[in-house]
Amino acid sequence: MQIEQTSLPGVVILTPVRHGDARGFFSESWNRQRMIEAGLDIDFVQDNHSLSARVGTIRGLHYQAPPHAQAKLVRCGKGKLFDVAVDIRKGSPTYGQWTGVELSFENGRQLLIPAGFLHGFVTLEPDTEIVYKCSDYYAPECDGGVLWSSCGIDWPFTGEPLLSDKDRKAVPLADFTSPFSFEA
Ligand SMILES: Cc1cn([C@H]2C[C@H](O)[C@@H](COP(=O)(O)OP(=O)(O)O[C@H]3O[C@H](C)C(=O)[C@H](O)[C@H]3O)O2)c(=O)[nH]c1=O
C-alpha cells in the first residue's frame with residue numbers, strides 16, 4: 001500500500017496494490033493489519049456508498065460533531081470525483097485550510113480523513129459512486145455542514161453544481177463555530 005502525505009498533517013492518500021491478470025485486477029481495498037503497520041489504525045464501524053448521477057454534483061462539506069465524530073476512508077467505486085478535506089479544529093495551525101485529491105475507479109486512490117475535518121466532493125463523471133468507511137455510526141443529531149463555496153476550495157468544476165437543500169443552506173466558514181479543538 002502506497003502512502004502519500006498531503007498539505008494537511010493527518011490527511012493521507014492511500015493506494016492499495018492491484019494484482020492484475022488477464023481477467024482484470026484484485027485488490028485488498030482495506031486491511032486492518034496493513035493500517036496498524038502504517039500507524040493508521042482506526043476502528044471503522046460503518047461503510048457508506050452513494051451514487052451521484054450528474055457531473056457537478058457536490059455533496060458536502062459535512063462533519064459529525066462529537067461524541068460521534070467520524071474519521072473516514074474514502075474511495076471511488078465507479079467514475080471520478082474530486083475529494084476535499086478542510087481542517088476545522090480550533091487552534092490548529094492549518095485551521096480553515098483545505099486539501100483535495102482526484103479519486104477514481106481507475107487510479108484506485110483513497111483519502112484518509114481524520115475526525116475534525118470537513119469532507120466533501122464534486123463528481124467529475126456521470127454515475128460516480130463513492131464508497132467510504134466511517135469510524136462512528138450515523139448520528140443525525142450530530143450532523144453538521146459548512147457551505148461548499150466558503151472555504152476557498154479550487155473546485156475543478158465550473159457551472160452550477162447540483163446540491164441538496166441542506167448543503168445549499170449551509171453556514172459559511174466565516175460564520176461557523178467548530179465543535180472540534182486541535183490536540184497537538
Ligand atoms: C450520512 C448518512 C445518511 N443517511 C441517510 C439520511 C438521508 O435520508 C440520506 C441522504 O443523506 P445525506 O443527504 O446527508 O447524504 P450526503 O449528502 O451524501 O451526506 C454524506 O456526504 C458527505 C460527503 C459525507 O462525508 C457524509 O458521510 C455525509 O454527510 O441518507 C443514512 O441513513 N446514514 C448515513 O450515514
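Ligands are counted one by one from 1 in listed order, and the atoms in each one are counted from 1 as well.
- At least one N or O atom of R59, backbone or side chain, sits closer than 3.5 Å to an N or O atom of ligand 1.
- Considering backbone and side-chain atoms together, Q46 places an N or O closer than 3.5 Å to an N or O of ligand 1.
- Counted within 6.0 Å of CD on E183, heavy atoms from surrounding residues, nucleotides or ligands total 12 or fewer; the atom is thus considered open.
- For S29 and S27, the side-chain atoms include no donor-acceptor pair closer than 3.5 Å.
- Protein non-hydrogen atoms do not reach within 4.0 Å of atom 30 (O) of ligand 1.
- Salt-bridge annotation for R59 and D167: absent, with no side-chain N of the basic residue lying under 4.0 Å from a carboxylate O of the acidic one.
- Using a non-hydrogen distance threshold of 4.0 Å, K72 registers as a contact of ligand 1.
- Ring orientation note: the planes of F105 and F25 are tilted relative to one another, at an angle of 30° to 60°.
- For ligand 1, the polar-atom distance check against S50 finds no nitrogen or oxygen pair separated by under 3.5 Å.
- In terms of protein heavy atoms, atom 27 (O) of ligand 1 is closest to Y132 OH, 2.7 Å.
- At the top of the distance list for atom 23 (C) of ligand 1, counting protein heavy atoms only, stands H119 ND1, 3.4 Å.
- Of the protein's non-hydrogen atoms, the one nearest atom 12 (P) of ligand 1 is K166 NZ, 4.0 Å.
- Between K166 and D143 there is a salt bridge, with a side-chain nitrogen of the basic residue lying less than 4.0 Å from a carboxylate oxygen of the acidic one.
- Proximity of atom 34 (C) of ligand 1 to the protein is indicated by at least one non-hydrogen atom lying closer than 4.0 angstrom.
- Taking the six-membered ring wherever Trp is involved, the centroid distance between the rings of F121 and F157 does not fall below 6.0 Å.
- Distances from atom 10 (C) of ligand 1 to the protein include no heavy-atom value under 4.0 Å.
- When only non-hydrogen protein atoms are considered, atom 21 (O) of ligand 1 lies nearest to H62 ND1, 3.2 Å.
- Looking at atom 7 (C) of ligand 1, its nearest protein heavy atom turns out to be Y138 OH, 4.7 Å.
- With respect to L103, the side-chain contact (heavy atoms from CB on, under 4.5 Å) criterion is satisfied by exactly one of R109, K80, Q110: R109.
- Separating the CE atom in M35 from the CG atom in D41 is a distance of 8.0 Å, to the nearest 0.5 Å.
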